[in-house]
*Asks:* 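Once you've had a glance at the structure underneath, I'll fire off some questions.
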Amino acid sequence: MSERLWVNPRQPQTLYLAQMLMYFRGGLSLLFLLLAGNSASLLGSSALYSAFVLLETVGLIAAAYGIANEKKWGYQLGVVAAVAPLVVAGLRVFGDGGLDVLFDNLVPIMFDIALVALLLHPMSVDYRRIWFS
């Protein structure tokens with residue numbers, strides 16, 4: 001009988017912290033989406049922004065669950081879900097927003113960079129390569 005975990009403290013600290021950060025980011029994104037309603041969005045269209053945030057939230061939570069259960073799909077989904085907001089922010093900075101967009105979203109961007117760094121850390125990559133199925 002296999003045990004399903006939401007977090008796995010037996011993994012290296014980089015993957016454990018990445019799981020915690022993914023749950024935290026997913027929960028906060030969902031909370032802000034529910035509280036913000038139809039306010040100004042990062043992607044221009046409110047419906048497009050809501051769909052992106054919902055997809056990101058589901059991706060982060062599913063990835064954290066997959067990583068906790070040592071699944072390769074969870075790790076791959078985690079990397080995609082962590083990089084996607086950085087790509088969107090980069091497109092906005094180099095698009096019409098300029099550096100104002102960067103400074104307005106500095107804290108979320110820093111969390112996204114930290115998550116990518118935790119997932120792509122050599123300790124995480126080696127553990128995934130050896131133990132994930």
Side-chain angles (χ1 to χ4, degrees):
M1 183 167 136
S2 67
E3 177 184 350
R4 295 291 173 197
L5 303 170
W6 283 98
V7 291
N8 191 348
R10 294 178 298 237
Q11 292 178 342
Q13 65 185 1
T14 53
L15 283 176
Y16 179 69
L17 288 174
Q19 292 168 50
M20 300 303 283
L21 189 56
M22 281 190 259
Y23 285 129
F24 180 72
R25 278 276 283 122
L28 276 183
S29 295
L30 187 59
L31 179 67
F32 288 143
L33 180 65
L34 293 175
L35 292 178
N38 292 329
S39 65
S41 67
L42 290 173
L43 297 177
S45 168
S46 181
L48 181 61
Y49 175 70
S50 298
F52 176 77
V53 170
L54 187 60
L55 189 62
E56 177 192 14
T57 301
V58 170
L60 285 170
I61 293 172
Y65 183 77
I67 290 172
N69 292 293
E70 298 181 343
K71 301 293 181 187
K72 285 184 182 178
W73 62 262
Y75 181 82
Q76 294 165 346
L77 181 61
V79 172
V80 169
V83 170
L86 291 174
V87 170
V88 170
L91 290 174
R92 291 213 50 234
V93 167
F94 293 114
D96 61 337
L99 289 178
D100 292 338
V101 172
L102 179 66
F103 292 127
D104 289 344
N105 298 306
L106 193 57
V107 173
I109 290 172
M110 289 172 48
F111 273 102
D112 294 332
I113 291 171
L115 181 56
V116 171
L118 286 170
L119 289 172
L120 297 180
H121 190 277
M123 190 184 309
S124 298
V125 173
D126 288 342
Y127 188 88
R128 184 221 22 108
R129 184 176 36 85
I130 294 170
W131 294 105
F132 282 28
S133 59

*Asks:* Show which side-chain atoms of residues 13-24 pair as donor or acceptor with protein atoms under 3.5 Å away, not counting sequence neighbours.
*Replies:*
| from | atom 1 | to | atom 2 | distance (Å) |
| --- | --- | --- | --- | --- |
| Thr14 | OG1 | Ser124 | OG | 2.5 |
| Gln19 | OE1 | Asn8 | N | 3.0 |
| Gln19 | NE2 | Gln11 | OE1 | 2.5 |
| Gln19 | NE2 | Leu15 | O | 3.4 |
| Tyr23 | OH | Trp6 | O | 2.7 |
| Tyr23 | OH | Tyr65 | N | 3.4 |

*Asks:* Which heavy atom in Ala63 sits nearest to a heavy atom in Gly74, and how many Å separate them?
*Replies:* CB-O, 3.4 Å

*Asks:* One pair to check against side-chain contact (heavy atoms from CB on, under 4.5 Å): Arg10 and Leu5. What are the steps and the verdict?
*Replies:* CA-CA 11 Å; Arg10 294 178 298 237; Leu5 303 170; 3.3 Å; yes

*Asks:* If two hydrophobic side chains count as joined below 4.5 Å and joins carry through other members, does Leu120 share a cluster with Tyr127?
*Replies:* yes

*Asks:* Mark yes when over 12 heavy atoms from residues, nucleotides or ligands other than Trp131 sit less than 6.0 Å from its CH2; otherwise mark no.
*Replies:*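 No.
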
*Asks:* Any side-chain heavy-atom pair from Ser133 and Lys72 closer than 4.5 angstrom?
*Replies:*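 Not touching, per the 4.5 Å side-chain cut-off.
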
*Asks:* Distance only, no hydrogens: is a donor on one side chain within 3.5 Å (strictly under) of an acceptor on the other, for Glu70 and Tyr75?
*Replies:* no

*Asks:* What closest approach, in Å, do Gly26 and Leu60 show between heavy atoms, and which atom pair accounts for it?
*Replies:*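 Gly26 and Leu60 have their closest heavy atoms at N-CD1, 4.0 Å.
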
*Asks:* Counting N and O atoms only, with roles assigned by atom type, does the side chain of Asp112 sit under 3.5 Å from a partner on the main chain of Leu86, one being a donor and the other an acceptor?
*Replies:*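 It does not hold such a pair.
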
*Asks:* Heavy-atom distance under 4.5 Å between the side chains of Arg129 and Asp126, does that happen here?
*Replies:*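 A side-chain contact under 4.5 Å exists here.
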
*Asks:* Measuring from Leu34:CG to Thr57:OG1, what's the distance to the nearest 0.5 Å?
*Replies:*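 It is 9.0 Å, given to the nearest 0.5 Å.
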
*Asks:* How long is the gap from CG on Leu119 to NE2 on His121, to the nearest 0.5 Å?
*Replies:* 11.5 Å

*Asks:* Are Ile113 and Val83 connected, step by step, through hydrophobic side chains (Ile, Leu, Val, Met, Phe, Trp, Tyr) whose heavy atoms are closer than 4.5 Å?
*Replies:* yes

*Asks:* As an exercise, state the distance from CG of Leu77 to CD1 of Ile61, rounded to the nearest 0.5 Å.
*Replies:* 11.0 Å

*Asks:* Applying side-chain contact (heavy atoms from CB on, under 4.5 Å), run through Val125 and Arg128 and close with a yes or a no.
*Replies:* CA-CA 5 Å; Val125 173; Arg128 184 221 22 108; 4.1 Å; yes

*Asks:* Do Leu30 and Val58 belong together in a cluster built from hydrophobic side chains that touch within less than 4.5 Å?
*Replies:* no

*Asks:* Hey, any chance Val107 and Leu118 share a hydrophobic cluster, counting ILVMFWY side chains that come within less than 4.5 Å of each other, even indirectly?
*Replies:* yes

*Asks:* Determine, step by step, whether Phe132 and Ile67 satisfy the side-chain contact (heavy atoms from CB on, under 4.5 Å) criterion, reporting the C-alpha distance in whole Å, the side-chain angles of both residues, the deciding distance to 0.1 Å, and the verdict.
*Replies:* CA-CA 8 Å; Phe132 282 28; Ile67 290 172; 4.1 Å; yes

*Asks:* Carefully, step by step, assess Phe111 and Arg25 under the rule side-chain contact (heavy atoms from CB on, under 4.5 Å).
*Replies:* CA-CA 8 Å; Phe111 273 102; Arg25 278 276 283 122; 4.1 Å; yes

*Asks:* Mind listing the closest non-hydrogen atom pair of Met123 and Pro12 along with its distance?
*Replies:*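 What the structure gives for the nearest pair is SD-CB, 3.5 Å.
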
*Asks:* Flag yes if Leu115 and Leu28 sit in one hydrophobic cluster, no otherwise; membership is Ile, Leu, Val, Met, Phe, Trp, Tyr, and two members link when side-chain heavy atoms are under 4.5 Å apart.
*Replies:* yes

